[in-house]
Structure formats: C-alpha cells, structure tokens
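To start, the structure itself, in structure tokens.
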Amino acid sequence: MGNNIVAIVGRPNVGKSTLYNRLIGERQAIIDDTSGVTRDRQYGSSFWNGKTFTVVDTGGFVKNSEDVFEAAIRSQVQIAVQEARVIIFMVDVTTGITDLDEEVADLLRRSDKPVFLAVNKVDNNQRMMDANEFWSLGFEETHFLSSLTGSGSGELLDAVVEHIDEDEEEQSDIPKFAIVGQPNVGKSSLTNALLGEERNIVTEIAGTTRDSIHTKYGKFGKEFLLIDTAGIRKKSRVHEDLEFYSVMRAIKAIEEADVCILMIDAQLGLEAQDMSIFRLAQRRNKGIVLLVNKWDLLEKETNTARDYEAEVKRRIAPFTDVPVVFISAIEKQRIFKSIEVALEVYANRQRKIKTSELNEVMLEAIERYPPPSHRGRYVKIKYVTQLPTYYPAFAFFCNNPKHVKDNYKNYLENQLRKHFTFTGVPISVFFRKK
C-alpha cells in the first residue's frame with residue numbers, strides 16, 4: 001500500500017481537467033465547492049473497480065507564460081515520474097502530435113512507470129482516423145477518449161487500476177504519522193523539536209521511497225514512525241517547481257500514514273490548500289489532528305484559543321470531531337501534547353465495538369428518532385454491525401436502504417460519535433438490505 005497516485009500530464013487545453021473531473025466525480029466537486037475549496041482543484045480521490053486512488057491534475061500548477069511554460073511542463077513530468085504510481089499522458093487529436101508532445105513522450109518512455117496515452121477529443125469518424133498517428137509515440141497502452149461524451153474513459157480506468165493496489169492497509173504495530181502542511185508552516189521545526197538532540201535514540205529506517213525518511217521515534221515510552229514529508233531536498237533543477245513537488249510529497253505521505261498531523265499557521269488560518277489536504281485525508285479515511293503553529297506570535301486579546309478553534313471547526317464542517325492543538329514548534333510549547341493526541345486518534349481509528357453494545361445503543365437512538373418515511377414508505381433499521389475494515393465503518397441493515405437520506409446518515413454518525421470515541425477519525429456509514 002502507500003503510493004496509489006495517478007498523475008495526468010500533458011500540454012494545456014488538451015482536456016486534462018475534464019478527465020480529472022470525470023475521475024473524481026461530480027460528487028466531490030460539489031463537496032469541495034460547499035466547503036470553500038477553490039474551484040481549480042488539483043488533486044482528489046477516485047474510486048473505481050473497488051480500488052481507491054488519488055488523482056493529480058498537473059494542469060493546475062503551470063503558470064501560463066510561453067517562456068516559463070515548457071520548462072514547467074518538463075519539470076512536472078519529471079516529478080510525476082518520480083512520485084506517481086501511474087501516469088496518464090494526455091494529447092489532443094485536433095492539434096496532432098506537437099514538438100512538446102514528442103518531448104514529453106521521450107521523457108516518459110525513459111521511465112519505468114506504467115504510462116497510458118490518452119488521445120482526447122476523438123468524437124467523430126474523421127478524428128478516429130486521425131487518432132491513429134498517435135500510435136507512433138510508442139505507447140502500447142494508447143486509448144482514444146471523447147471529452148464531450150466521456151466515451152473511452154471507462155476502458156482507460158479499467159486499465160489504469162490494474163496497476164493500483166487493493167485498498168488494504170498494511171497493519172503495522174507501530175503507528176505511522178505524517179506531518180503535513182504548506183511550505184514554511186514549521187514542519188521541520190516540529191520534527192526537529194520532537195526528535196530533539198537525542199538523535200542516538202532515533203533509528204533511521206529507509207522508507208518505501210528513497211527520499212521519504214521514516215524516523216522511528218521511541219522517546220517517553222511512546223513508539224511511532226514519523227514520515228518526513230520534507231524529504232531530502234535534492235538540489236536538482238526538477239524541484240524548482242516547489243509547489244507541485246511539495247503537493248506530491250504531501251499526497252504520498254497521506255497515503256502512507258495512519259494519522260495526518262496537519263499544521264497550519266496561526267496567523268494565516270486555514271487556507272484553501274490546507275482544506276484540500278484536510279479533505280483528501282478525510283476521504284482516504286486517515287486520522288487527522290490539526291496543529292495550530294506559531295500560536296505564541298498571535299495577539300491574544302482578541303484571539304482566544306476557543307474562538308479560534310470554533311472558527312476552524314466552522315471551516316472543516318461537517319467533519320468537526322477533530323482535535324485542535326495550539327503549539328509553538330520553535331518554543332517547543334505543547335509539542336508532546338500533539339503526539340499524545342495523535343496516538344489517541346490512532347487508537348480511535350483502531351477501535352472495534354462489540355456488536356451487542358452497538359445495537360443496544362444505536363437501536364435506542366433510532367427508536368428515539370426513526371428515519372423519516374420516503375414517499376409513504378417507511379424505513380425500518382433492524383440491526384447494526386461494525387465492518388472489519390482498518391478504519392471505522394458501520395453497516396445498518398434495513399428494509400429500504402435506498403430511501404435513507406443523507407441527513408439521517410449524519411444523525412447516525414453523530415450518535416456513534418456521541419456514544420463511542422472516534423475523535424479525529426472519519427466514519428463510514430452504509431445501509432444494506434436485510
């Protein structure tokens with residue numbers, strides 16, 4: 001498990017974002033728009049044939065001015081080749097093969113990653129004929145798509161997910177924490193403060209990738225792995241594209257972690273990029289702890305921690321059952337508190353509830369407030385059980401599973417949170433036919 005990243009690369013205007021939106025589904029677009037995430041989403045979560053993976057649209061990262069732009073595309077292709085699991089290379093049948101396409105193809109052929117060539121805008125017979133010239137780029141996985149009708153994207157996805165692992169998490173006995181957040185928020189200060197000067201008790205374990213360090217930490221009788229997202233900055237030209245690089249690192253760290261420790265800057269608050277990271281961790285069913293760093297620098301008269309926390313919770317709604325810890329990495333204030341909280345969240349994510357206890361509590365909650373009837377059909381929930389997944393998921397068995405509305409689902413989730421401790425952990429609620 002770990003790296004299930006699919007990156008879409010190619011020139012601008014070939015239709016990368018149309019494909020991206022189709023892959024992550026309209027549902028996410030709606031969720032994100034309501035939660036105030038900016039419209040030009042760059043990465044999100046997709047589910048196909050029982051497998052979940054993260055899709056990255058590199059188009060959102062290129063600043064469009066002619067001179068910068070070809071270099072930027074080249075550097076992104078190199079980063080994608082390093083960091084992603086699978087690459088979808090998109091081209092446009094209406095422009096034919098351009099010099100830049102040739103160049104990208106050349107970079108991709110040299111990589112050992114699976115590459116899928118997606119020839120877009122193939123939406124009539126003439127274009128179907130024209131599309132054949134793209135076989136000359138030399139990718140055996142060449143797929144013809146129509147961005148208008150969406151035809152071809154299903155076959156492309158079928159082929160892509162062959163390379164994605166089943167969504168099974170490796171159960172390790174040691175919790176894996178990733179400290180994520182925007183550049184300059186203080187991730188390395190926190191890492192250094194945690195590891196302190198006592199480097200001798202720290203055993204470096206080479207991570208799954210050669211540049212993600214898993215540092216095993218054994219201070220104060222607590223054991224966990226820190227996934228270092230800063231990675232070892234190689235001084236090569238590739239990483240001039242820092243924003244894209246740091247996003248790829250963060251996504252990768254989220255994939256590998258059990259709990260994501262999301263750091264935000266007290267003075268900046270939750271920004272759009274923080275929200276994207278938060279939502280991705282939530283959709284990947286990871287534990288989440290929010291750390292507000294540089295709290296020592298804020299004027300306290302107006303900002304009490306309580307007001308600040310309330311504002312943060314308003315932004316991350318509806319998933320508000322998330323711990324918020326105020327720290328100063330530089331001053332080493334409350335940094336061990338943040339690890340204790342992360343360990344609690346890890347325990348909550350592992351929590352299994354006995355079926356008898358679950359039914360006792362939940363059936364009473366359902367009786368107190370039964371599901372509203374739908375077009376005269378009433379829904380009767382008879383039984384609930386926790387599913388054997390690596391994160392909390394519950395199945396409610398009932399006669400008309402299709403008629404249960406979202407707001408009732410939310411009610412059940414809130415009841416589960418009220419009676420059992422799941423702070424910091426996304427919960428999935430399913431309805432099954434009984």
Flag if over 12 foreign heavy atoms under 6.0 Å of CD1, I330: no
Under 3.5 Å, sequence neighbours excluded: what are the donor-acceptor pairs made by side chains of residues 422-433?
{"from": "T423", "atom 1": "OG1", "to": "D321", "atom 2": "OD1", "distance (Å)": "3.0"}
{"from": "K433", "atom 1": "NZ", "to": "N399", "atom 2": "O", "distance (Å)": "2.5"}

Between E344 and N348: side-chain donor-acceptor atoms closer than 3.5 Å: no
Whether over 12 other heavy atoms sit under 6.0 Å from K405 NZ: yes
Exercise: do R11 and T95 side chains pair donor with acceptor under 3.5 Å: yes
Whether F144 and W135 hold their rings parallel, tilted or perpendicular, with breakpoints at 30° and 60°: perpendicular
L156 and L145, any side-chain heavy atoms less than 4.5 Å apart: yes
Sequence-distant partners of F397, ring-ring contact (aromatic ring centres under 6.0 Å, His included), two or more places apart: Y383
NZ (K352) with more than 12 external heavy atoms under 6.0 Å: yes
Pair Q333-D296, side chain to side chain donor-acceptor pair (under 3.5 Å): steps then yes or no: CA-CA 9 Å; Q333 285 171 357; D296 51 319; 5.7 Å; no
Derivation of the salt bridge (charged side-chain N to carboxylate O under 4.0 Å, His left out) call for R349 and D258: CA-CA 8 Å; R349 189 167 179 258; D258 302 307; 3.7 Å; yes
Side-chain H-bond candidate by donor/acceptor type, E255 with N4, under 3.5 Å: no
Plane angle bin for F177 and Y346 - parallel if under 30°, tilted between 30 and 60°, otherwise perpendicular: perpendicular
R315 and E311 ion-paired at < 4.0 Å: no
Side-chain donor-acceptor contact under 3.5 Å, T94 with R127: no
Shortest non-hydrogen contact between I339 and F224, atoms and distance: CG2-CE2, 3.5 Å
